[in-house]
Protein chains: 2
Amino acid sequence: MGTQLRAELTERGIAPDCADTIVVVRDVLARVGDKWTMLIVAALSEGPRRFTTLHASVPGISQRMLGHTLRALVRDGLLTRAAYAEVPPRVEYELTDLGRSLARAVDQLVGWVTQNQDAIVGNRAGFDAEQSTVTRPR
Amino acid sequence: MGTQLRAELTERGIAPDCADTIVVVRDVLARVGDKWTMLIVAALSEGPRRFTTLHASVPGISQRMLGHTLRALVRDGLLTRAAYAEVPPRVEYELTDLGRSLARAVDQLVGWVTQNQDAIVGNRAGFDAEQSTVTRPR
DNA sequence: CGGTATCCTTGAAGATACTG
DNA sequence: CAGTATCTTCAAGGATACCG
């Protein structure tokens, strides 16, 4: 994963461990920037939750994507998955310390967005207005 | 953009302005988490750069993706685009104050990744090792 | 309950060629 | 030089069905 880019970076004379970091940074940013991760982590920030509960709390997510995303988060060690051998079965997901520390780091970025979203949305509107003036003049 | 999710969120009783923030946060995270943005911003952090210079400094990027990504960043007000009417033409891209402040915010996250990438990579390796044990036992 | 398997659609992005 | 246009490929993600 990202091996291709890593190779290209090192080939251009960038130190291998620095290339590693670039790749991992992009990896992590892509994960927290994907369609569902933030919403799942937000739902888990209050405490452990079950699969079905999460499915209900994250609006619009499919079972497939919930399963995939949870698995990826467990793989990275950001979540734990605890399966209890009962009937009916019960599985609980919970943020790990690593997951919580990432959530705090992301919170900084959320803070930035909260402070600057008006500016961004305004810039987009202005840009789009200009463009439509150019493409559809008069 | 993200209007669909916004509607779903508000329908579930989440306050509209809160839903807005969720959507914008995901937007911004998706932007900084995409394949090229980080590398372009890094290249611009030293000062203004021209299209061709950027094309050379970002390994593996196509003209198409460089153009698209730059345009998106300009649209959000994170970059300025200055075109000089010379021959040959010269265009310089530069981080705005907003862009620089985002870069600083992202740096926090980069710091987190730098500190924790060993843990993440280790977790992944451990997880994958377990999985292959399960799927290909003995 | 808590998933996985399968199929299918769509948008993202690469390759290549062309232009003001 | 600084892009855009076109074509194509590919994988993320949705819908649906099924299973331990």
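In the text below, chain A, chain B and the rest are named by the order of the sequence lines, each starting its count at 1.
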Next on the checklist: For D/dA15 and A/S62 - does any side-chain N or O of the residue sit under 4.0 Å from the phosphate oxygens OP1/OP2?
Outcome noted: no
Next on the checklist: Any non-hydrogen side-chain atom of B/L70 less than 4.5 Å from a side-chain atom of B/R81?
Outcome noted: no
Checklist entry - Distance check: side-chain N/O of B/R50 vs OP1/OP2 of D/dC1, anything under 4.0 Å? => result no
Next on the checklist: I want to verify a distance call: between D/dT4, C/dG2, D/dG14, whose nearest atom is closest to the A/V91 side chain?
Outcome noted: C/dG2
Checklist entry - What is the distance from NZ of A/K35 to P of D/dA11, rounded to the nearest Å? => result 19 Å
Next on the checklist: Of the listed nucleotides (C/dC1, D/dG13, D/dA2), which one gets closest to any side-chain atom of B/F51?
Outcome noted: D/dA2
Checklist entry - To the nearest 10 degrees, how far apart in direction are the end axes of the helix from C/dC1-D/dG20 to C/dG20-D/dC1, each fit to five base pairs? => result 50°
Checklist entry - So do B/F127 and A/R71 actually touch side chain to side chain, heavy atoms under 4.5 Å? => result yes
Checklist entry - Is there side-chain contact between A/I120 and B/L98, with heavy atoms separated by less than 4.5 Å? => result yes
Checklist entry - Of the nucleotides C/dG14, D/dC1, C/dT4, which has the atom closest to the B/P89 side chain? => result D/dC1
Checklist entry - Which pair of heavy atoms, one from B/L54 and one from B/A43, lies closest together, and at what distance? => result CD2-CB, 3.8 Å
Checklist entry - Taking atom C1' of D/dG3 as reference, at what distance in whole Å does atom CG of B/L73 sit? => result 16 Å
Checklist entry - Between A/R49 (CZ) and C/dG3 (P), how many Å, whole number? => result 16 Å
Item to check | side-chain N/O B/W36 vs C/dG14 OP1/OP2, d < 4.0 Å | outcome: yes
Item to check | Interatomic distance, A/M65 CE vs D/dA12 P [rounded to whole Å] | outcome: 9 Å
Checklist entry - What is the nucleic acid contact for A/R90, judged by heavy atoms within less than 4.0 Å: base, sugar-phosphate only, or nothing? => result sugar-phosphate
Item to check | Note: A/D107-A/R104 ion pair, threshold 4.0 Å (strictly below) | outcome: no
Item to check | Whole-Å distance separating the CD atom of B/Q63 from the C1' atom of C/dT19 | outcome: 12 Å
Checklist entry - Between atom CD in A/E86 and atom C1' in C/dC1, what is the gap in whole Å? => result 11 Å
Item to check | Straight-line distance of A/I22 CD1 to A/R26 CZ, nearest 0.5 Å | outcome: 9.0 Å
Item to check | Selected nucleotide, minimal atom distance to B/R81 side chain, candidates C/dA13, C/dG3, D/dG3 | outcome: D/dG3
Checklist entry - For A/I40 and C/dG3, what is the distance between atoms CD1 and P respectively, to the nearest whole Å? => result 12 Å
Item to check | Contact check, side chains of B/D20 and B/R6, non-hydrogen atoms, under 4.5 Å | outcome: yes
Checklist entry - Within the structure shown, what part of the strands sits under 4.0 Å from A/Y93 by heavy-atom distance: base, sugar-phosphate, or nothing? => result sugar-phosphate
Next on the checklist: Could you tell me how far apart B/R31 (CZ) and C/dA12 (C1') are, to the nearest whole angstrom?
Outcome noted: 12 Å
Next on the checklist: The side chain of B/R64 is closest to which nucleotide in this list: D/dG3, C/dA15, D/dG13?
Outcome noted: C/dA15
Checklist entry - At their closest point, which heavy atom of B/Y93 faces which heavy atom of B/L79, and how far apart are they? => result CD2-CD1, 4.5 Å
